[in-house]
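Below is one structure; the comments refer to it alone.
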Number of protein chains: 2
Amino acid sequence: MWKLDADRPIYMQIVERIEKQIISGAYGSGDRIPSVRELAAQAGVNPNTMQRAMTELERKGLIAGHRTRGRVVTEDREMIEERRGYMAKEMIREFLWQMRELGFDKEEILPLLRQEVTDDV
Amino acid sequence: MWKLDADRPIYMQIVERIEKQIISGAYGSGDRIPSVRELAAQAGVNPNTMQRAMTELERKGLIAGHRTRGRVVTEDREMIEERRGYMAKEMIREFLWQMRELGFDKEEILPLLRQEVTDDV
DNA sequence: CTTATTGTATTAAGTCATTAATACAATAAT
DNA sequence: ATTATTGTATTAATGACTTAATACAATAAG
């Protein structure tokens with residue numbers, strides 16, 4: 001059973017989870033992805049929901065599949081690397097934006113972060 | 001019309017928006033909050049939805065209101081400050097976690113962030 | 001006292017995500 | 001050829017969020 005919350009659509013959370021696994025290399029290029037039924041069982045969701053997530057991942061070009069061979073992670077490593085950089089940049093910008101919305105100044109943020117990093121997590 | 005997306009419940013997004021305004025001081029302690037009807041018109045949502053957001057903000061103790069005088073931001077400045085610190089810490093941890101999920105090492109993150117900060121946004 | 005403002009409650013309808021239960025289609029494995 | 005696996009499609013039911021349209025209650029303001 002995967003950790004999913006009720007705040008956002010489950011299929012979206014699944015898409016993001018698997019996308020991150022692909023980007024980080026947990027799923028490598030060409031790796032086979034478990035069947036819809038198996039993933040659904042693992043995640044503890046309905047097969048229809050998992051199917052929807054798969055369709056979305058295919059639309060994004062992250063995975064591809066033929067009829068009965070199941071699905072595999074795209075061989076386009078460059079695209080994955082691009083996506084990794086893009087997501088990191090977006091994440092950083094979003095983080096900085098959120099912190100400024102809380103009233104934190106640019107200069108305050110780095111020290112706070114450095115402390116959290118050295119404290120380890 | 002406020003910037004709201006369809007991914008998550010609107011009332012939650014409103015709660016977060018106003019909570020941030022309180023925490024950052026855009027709404028100060030004791031400040032009066034516009035009426036449900038007025039806020040709903042501003043945001044472009046149904047009054048019921050805005051009402052729900054208000055109820056949630058009251059539950060959190062961020063605002064309080066009596067019958068026909070409307071609502072005001074809590075006078076408990078200490079609580080607001082605590083909440084600001086807590087949210088910042090959570091935000092930082094979440095950010096670091098997400099970056100690690102993308103496969104970024106602790107050491108890589110700070111330089112990336114420093115660059116984004118100095119480039120300004 | 002009367003009126004306007006504000007919070008609150010109610011009922012109904014529509015949309016969307018999710019679950020559930022099946023069924024069918026294509027193909028790899030035997 | 002037969003069977004099992006996998007992807008895909010369909011239909012129905014449920015629940016949550018949202019909009020809509022009102023109505024009522026309390027009280028500040030006149």
Side-chain angles (χ1 to χ4, degrees), chain A residues 1-19 21-22 27-75, chain B residues 1-19 21-22 27-75:
Chain A
M1 290 266 290
W2 298 356
K3 193 192 87 185
L4 303 166
D5 65 77
D7 283 6
R8 295 176 313 126
I10 291 178
Y11 80 93
M12 278 192 202
Q13 297 179 53
I14 293 173
V15 166
E16 286 164 15
R17 176 188 168 117
I18 296 180
E19 179 166 9
Q21 289 176 322
I22 292 173
Y27 273 131
S29 262
D31 281 359
R32 185 175 177 283
I33 292 179
S35 75
V36 170
R37 291 171 174 84
E38 188 178 337
L39 281 176
Q42 279 179 22
V45 302
N46 190 279
N48 296 332
T49 305
M50 186 58 68
Q51 162 83 356
R52 180 156 184 188
M54 290 297 115
T55 304
E56 184 65 14
L57 285 167
E58 274 186 356
R59 197 192 57 74
K60 287 191 172 191
L62 291 167
I63 61 179
H66 306 78
R67 208 49 183 168
T68 64
R69 244 173 313 173
R71 293 180 167 90
V72 294
V73 175
T74 177
E75 301 278 3
Chain B
M1 290 268 288
W2 297 354
K3 192 192 88 185
L4 302 166
D5 65 77
D7 284 4
R8 294 177 313 127
I10 292 178
Y11 80 92
M12 278 192 202
Q13 297 179 55
I14 293 174
V15 166
E16 285 163 16
R17 176 187 167 118
I18 297 180
E19 179 166 8
Q21 289 176 319
I22 292 173
Y27 273 132
S29 263
D31 281 1
R32 185 175 176 284
I33 292 178
S35 76
V36 171
R37 290 171 176 81
E38 188 177 338
L39 281 177
Q42 280 180 23
V45 301
N46 189 279
N48 296 331
T49 304
M50 187 56 70
Q51 162 83 356
R52 179 155 187 187
M54 291 296 115
T55 304
E56 184 64 13
L57 285 166
E58 274 187 353
R59 197 192 58 74
K60 287 192 173 191
L62 291 167
I63 62 179
H66 306 78
R67 205 52 185 164
T68 63
R69 244 173 310 175
R71 292 181 167 90
V72 293
V73 176
T74 177
E75 301 279 5

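Within every chain, numbering begins at 1; the chains are lettered A, B, ... in the order of the sequence lines, protein sequences first and strands thereafter. This is a predicted model, so every value here is computed, not measured.
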To the nearest Å, how far apart are [X] [atom1] and [N] [atom2]?
| X | N | atom1 | atom2 | answer |
| --- | --- | --- | --- | --- |
| B:Ile33 | C:dG7 | CD1 | C1' | 13 Å |
| A:Gln13 | C:dA17 | CD | P | 13 Å |
| A:Glu56 | C:dA17 | CD | P | 11 Å |
| A:Tyr11 | C:dT19 | OH | C1' | 16 Å |
| A:Ile14 | C:dT19 | CD1 | C1' | 13 Å |
| B:Asp7 | D:dC17 | CG | C1' | 14 Å |
| A:Met12 | C:dC16 | CE | C1' | 11 Å |
| A:Met54 | D:dG7 | CE | P | 9 Å |

Inset, instruction - Taking the side chain as every heavy atom from C-beta outward, state whether B:Ile33 and B:Ile63 have any pair of such atoms under 4.5 Å apart. - result: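 Yes, at least one pair of side-chain atoms sits under 4.5 Å.
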Legend entry - Flag side-chain contact, heavy atom, 4.5 Å: B:Arg71 against B:Val36: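 Counting from C-beta outward, B:Arg71 and B:Val36 do come under 4.5 Å.
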State which of [options] makes the closest approach to the side chain of [X].
| X | options | result |
| --- | --- | --- |
| B:Thr49 | C:dA17, D:dG7, D:dT19 | D:dT19 |
| A:Val36 | D:dG7, C:dA17, C:dG7 | D:dG7 |
| B:Gln51 | C:dT6, C:dT8, D:dC17 | C:dT8 |

Inset, instruction - Heavy atoms only: give me the nearest B:Met54-B:Leu39 pair and the separation to one decimal. - result: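 Taking every non-hydrogen atom into account, CE-CD1, 3.6 Å.
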Inset, instruction - Identify the two heavy atoms, one from B:Thr74 and one from B:Gly61, that lie closest to each other, and give their separation to 0.1 Å. - result: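 It is CB-O, 3.5 Å.
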Inset, instruction - Please round to the nearest 0.5 Å and tell me the distance separating atom CZ of A:Arg37 and atom CD of A:Gln42. - result: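 Answer for the CZ-CD pair, A:Arg37 versus A:Gln42, is 14.5 Å.
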Legend entry - B:Arg32 side chain near C:dT6 phosphate (N/O to OP1/OP2, under 4.0 Å):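 For C:dT6, OP1/OP2 do have a side-chain N/O of B:Arg32 under 4.0 Å.
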Inset, instruction - Answer yes or no: does a side-chain N or O of B:Arg52 lie under 4.0 Å from OP1 or OP2 of D:dA16? - result: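 It does not, given that no N or O in the side chain of B:Arg52 lies less than 4.0 Å from OP1 or OP2 of D:dA16.
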Legend entry - A:Thr49 (side chain) donor-acceptor with A:Val45 (main chain) under 3.5 angstrom: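 Between the backbone of A:Val45 and the side chain of A:Thr49 there is no qualifying donor-acceptor contact (under 3.5 Å).
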Legend entry - Expected output: side-chain A:Gln13 to main-chain A:Asp5 donor-acceptor under 3.5 Å: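 Between the backbone of A:Asp5 and the side chain of A:Gln13 there is a qualifying donor-acceptor contact (under 3.5 Å).
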Inset, instruction - Would you mind building the protein contact string for nucleotides 21-30 of chain D? One character per nucleotide, 5' to 3', B for base within reach (heavy atoms under 4.0 Å), S for sugar-phosphate only, - for untouched. - result: B-B-BBBS--
